[in-house]
Amino acid sequence: SILISLFLLMKTQHSKLLMSTTPVYTLIGIQSFRFLPEIFLDLSYRQGLAPVQMTYHGRNFEVIVASLAAIIFLLNKRIPISPTKLGIFFSVVGLGFLINIITIAILSTPTPVRIFMNEPANIFVTQAPYIWLPAVLVSIAFWGHFLLIGKLYYNKST
């Protein structure tokens, strides 16, 4: 249902305006916000709330995406790759790692599909304030990628 909501959000005038007026490098740079959830996950792990595989100590590589976004944004004029190719590369990497952590989170929940049996199970994200992680921050990351892909696909101008 979140992906359906994001798809509908992409059809709004606000999303279209963002795609048409925001440079590729800025749409990539915005994804550096993903440092914050990683710090949040690390702190949750240290408090015994989050399983290790959901952090950069385990199988979560989102910190790479956040670092890459910051580097691309800061060095944009010095990168000898076209903004379009850079946007495609970043989208593939960023969405890949986002899908990776979502999969890990699902496989860490106490359900019949659970594969990661270490404790604690992934239940902390069902309670406030941790619910913001999957409900808002993951959605913002997806929306950012959709805006970037939309810009690359529809506008063809960077």
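Values below: all heavy atoms of this structure, side chains included; hydrogens, waters and symmetry mates excluded. Positions are given from 1 along the sequence.
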Pairs under 3.5 angstrom only: tabulate donor-acceptor contacts from the side chains of residues 96-109 to other protein residues two or more places apart or in another chain.
{"unit_1": "N100", "atom_1": "ND2", "unit_2": "R59", "atom_2": "O", "d": "2.9"}
{"unit_1": "T103", "atom_1": "OG1", "unit_2": "I99", "atom_2": "O", "d": "2.8"}
{"unit_1": "S108", "atom_1": "OG", "unit_2": "Q53", "atom_2": "NE2", "d": "2.8"}
{"unit_1": "S108", "atom_1": "OG", "unit_2": "I104", "atom_2": "O", "d": "2.7"}
{"unit_1": "T109", "atom_1": "OG1", "unit_2": "I106", "atom_2": "O", "d": "2.7"}
{"unit_1": "T109", "atom_1": "OG1", "unit_2": "T111", "atom_2": "OG1", "d": "3.4"}

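Without hydrogens or angle criteria, T26 side chain to T22 main chain gives no donor-acceptor distance under 3.5 Å. Judged purely by atom type and a 3.5 angstrom limit, T55 uses its side chain to pair as donor or acceptor with the backbone of V52. Counting only distance, with no hydrogens or angles, the side chain of R34 and the backbone of G94 share a donor-acceptor pair below 3.5 Å. In this structure a side-chain-to-backbone donor-acceptor pair under 3.5 Å is missing from S15 to K11. Remark: side-chain polar atoms of K16 are not paired, donor with acceptor, to backbone N or O of M10 under 3.5 angstrom.
Here the straight-line distance linking atom CG of D42 with atom CD of Q47 works out to 10.0 Å at 0.5 Å rounding. If you take CG on L152 and OG1 on T84, they are separated by 5.5 Å, rounding to the nearest 0.5 Å. Between the CZ atom in F146 and the OG atom in S139 there is a gap of 9.5 Å [rounded to 0.5 Å]. Atoms CG and CD1, from N76 and I79 in turn, are 6.5 Å apart once rounded to the nearest 0.5 Å. The structure places NE2 of H145 at 4.5 Å from CG of L95, a figure rounded to the nearest 0.5 Å. Here I30 contributes atom CD1 and I140 contributes atom CD1; the two are 10.5 Å apart, rounded to the nearest 0.5 Å.
In this structure, P120 and L49 have side chains that are not in contact, with every pair of non-hydrogen atoms separated by 4.5 Å or more. Side-chain contact between E62 and Y56 is absent, with no heavy-atom pair separated by less than 4.5 Å. Taking 4.5 Å as the limit, some side-chain heavy atom of V65 sits within range of a side-chain heavy atom of F90. Between Y130 and S44 there is a side-chain heavy-atom pair separated by less than 4.5 Å. In this structure, F89 and L68 have side chains that are in contact, with non-hydrogen atoms separated by less than 4.5 Å. H57 is listed as a side-chain neighbour of R46, based on a closest heavy-atom distance under 4.5 Å. Taking the side chain as every heavy atom from C-beta outward, P51 and Y45 never approach each other to under 4.5 Å. With contacts defined as side-chain heavy-atom distances shorter than 4.5 Å, the pair L137/F33 qualifies.
The minimum heavy-atom distance linking A69 with S32 is given by the pair CB-N, 3.5 Å. Heavy-atom minimum distance, E119 versus A121: OE1-N, 3.1 Å. Taking each heavy atom of L86 and Y25 in turn, the nearest pair found is CD2-CE2, 3.6 Å. The two residues I28 and G87 have their closest heavy-atom pair at CD1-CA, 4.1 Å. The shortest heavy-atom contact between P110 and N122 is CD-O, 4.0 Å.
M117 and M54 fall into different hydrophobic clusters, defined by Ile, Leu, Val, Met, Phe, Trp and Tyr side-chain heavy atoms under 4.5 Å apart, directly or through other members. Linking ILVMFWY side-chain heavy atoms closer than 4.5 Å, directly or via other members, places M19 and F73 in two distinct hydrophobic clusters. Under the 4.5 Å side-chain heavy-atom criterion for Ile, Leu, Val, Met, Phe, Trp and Tyr, L133 and L43 are members of distinct hydrophobic clusters. In the hydrophobic cluster analysis, where Ile, Leu, Val, Met, Phe, Trp and Tyr join through side-chain heavy atoms closer than 4.5 angstrom, I123 is grouped apart from I131. Linking ILVMFWY side-chain heavy atoms closer than 4.5 Å, directly or via other members, places V93 and L75 in a single hydrophobic cluster.
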